[in-house]
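First comes the structure, then the notes that go with it.
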Amino acid sequence: MPYINTKVTTEITFEKEEILKAKLGKAITLIGKPESYLMLSFEENCRLWFAGTNDEEAAYVEVALLHSAPKSSYEKLTEEICNILSEELSIPEDRIYVKFSETEFWGWAGRMF
């Protein structure tokens, strides 16, 4: 049920996307969600302005999930997402926003969870 949409100012090669997919798949378990239901999307070469500039790499990550998780779990996942993007795409952690959205209603395979 989780969905992670990642927008970055950098290019993402297919090989790098495979690495990101694997690492984010492992990271989602930090909030008690299974990788088997994880959907990912990547938007590369986005024009993102942060703190009034666009002269450094930046990222905006949206994490949507069914129901909720404890704040401490969100904190762990935020830290891991920032680590992954910093390590794999050289995006400074202080130029990454992570937004969480919770919903009570999520459909899949023609039905509701």
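Nothing here was measured: the structure is a model prediction, and the numbers come from that model.
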Report summary line: Between the CG atom in Leu89 and the CD atom in Glu11, the distance rounded to the nearest 0.5 Å is 10.5 Å
Query raised in the report: Roughly how far apart are Leu66 CG and Glu104 CD, rounded to 0.5 Å?
Result: 7.0 Å
Query raised in the report: Do Ile12 and Ile96 belong to the same hydrophobic cluster, where Ile, Leu, Val, Met, Phe, Trp and Tyr are linked whenever their side-chain heavy atoms lie under 4.5 Å apart, directly or via other members?
Result: yes
Distance-only donor-acceptor pairs under 3.5 Å for side chains of residues 17-30, two or more places apart:
{"unit_1": "Lys23", "atom_1": "NZ", "unit_2": "Glu87", "atom_2": "OE2", "d": "2.5"}
{"unit_1": "Lys23", "atom_1": "NZ", "unit_2": "Glu88", "atom_2": "OE2", "d": "2.6"}
{"unit_1": "Thr29", "atom_1": "OG1", "unit_2": "Lys26", "atom_2": "O", "d": "2.6"}

Query raised in the report: Would Ile4 and Leu38 satisfy side-chain contact (heavy atoms from CB on, under 4.5 Å), going step by step from the backbone distance to the final call?
Result: CA-CA 8 Å; Ile4 300 176; Leu38 177 62; 4.0 Å; yes
Query raised in the report: Taking all atoms of both residues into account, what is the closest heavy-atom pair of Ala69 and Ser73, and its distance?
Result: CB-CB, 4.2 Å
Query - Distance, nearest 0.5 Å, that separates CD of Glu57 from OG of Ser90 - result: 8.0 Å
Query raised in the report: Can you list every pair that meets ring-ring contact (aromatic ring centres under 6.0 Å, His included) and has a residue in residues 14-55, with sequence neighbours left out?
Result: Tyr37-Trp108, Tyr37-Phe113, Phe50-Tyr97
**Report entry** Spacing of Tyr60 atom OH and Thr6 atom OG1 [to the nearest 0.5 Å]
**Finding:** 11.0 Å
Requested in this report: Tell me, please, which residues at least two apart from Asn45 pass side chain to side chain donor-acceptor pair (under 3.5 Å).
Outcome: none
Requested in this report: Starting at OG of Ser86, measure out to CG of Asp94 and round the result to the nearest 0.5 Å.
Outcome: 9.5 Å
Query raised in the report: So if you build clusters from Ile, Leu, Val, Met, Phe, Trp, Tyr with side-chain heavy-atom gaps below 4.5 Å, do Val98 and Leu40 land together?
Result: yes
Could you give the side-chain donor-acceptor pairs of residues 76-83 under 3.5 Å, partners two or more places apart or in another chain?
{"unit_1": "Thr78", "atom_1": "OG1", "unit_2": "Tyr74", "atom_2": "O", "d": "2.8"}
{"unit_1": "Asn83", "atom_1": "ND2", "unit_2": "Glu79", "atom_2": "O", "d": "3.3"}

Query - Closest non-hydrogen atom pair between Lys33 and Pro2, with its separation - result: CB-CG, 3.8 Å
**Report entry** side chain to side chain donor-acceptor pair (under 3.5 Å) partners for Glu43, two or more places apart
**Finding:** Asn5
Report summary line: Glu15 meets the side chain to side chain donor-acceptor pair (under 3.5 Å) criterion, sequence neighbours left out, with none
Query raised in the report: For Leu85 and Ala59, which heavy atoms make the closest approach, and how far apart are they?
Result: CD1-CB, 3.9 Å
Report task. Kindly write out the residues that satisfy side chain to side chain donor-acceptor pair (under 3.5 Å) with Thr10, not counting sequence neighbours, or none if the list is empty. Result -> none
Query raised in the report: Taking only residues two or more places apart in sequence or in another chain, which ones pass side-chain contact (heavy atoms from CB on, under 4.5 Å) with Thr53?
Result: Asp55, Arg95
Report summary line: Between Cys46 and Lys7, the two heavy atoms sitting closest are SG-CB, 3.9 Å
Query - Check: Glu102 side chain, Ser68 main-chain N or O, donor-acceptor pair, under 3.5 Å - result: no
Requested in this report: Say whether Trp106 and Met39 are linked into one hydrophobic cluster, either directly or through other cluster members, by side-chain heavy-atom distances under 4.5 angstrom.
Outcome: yes
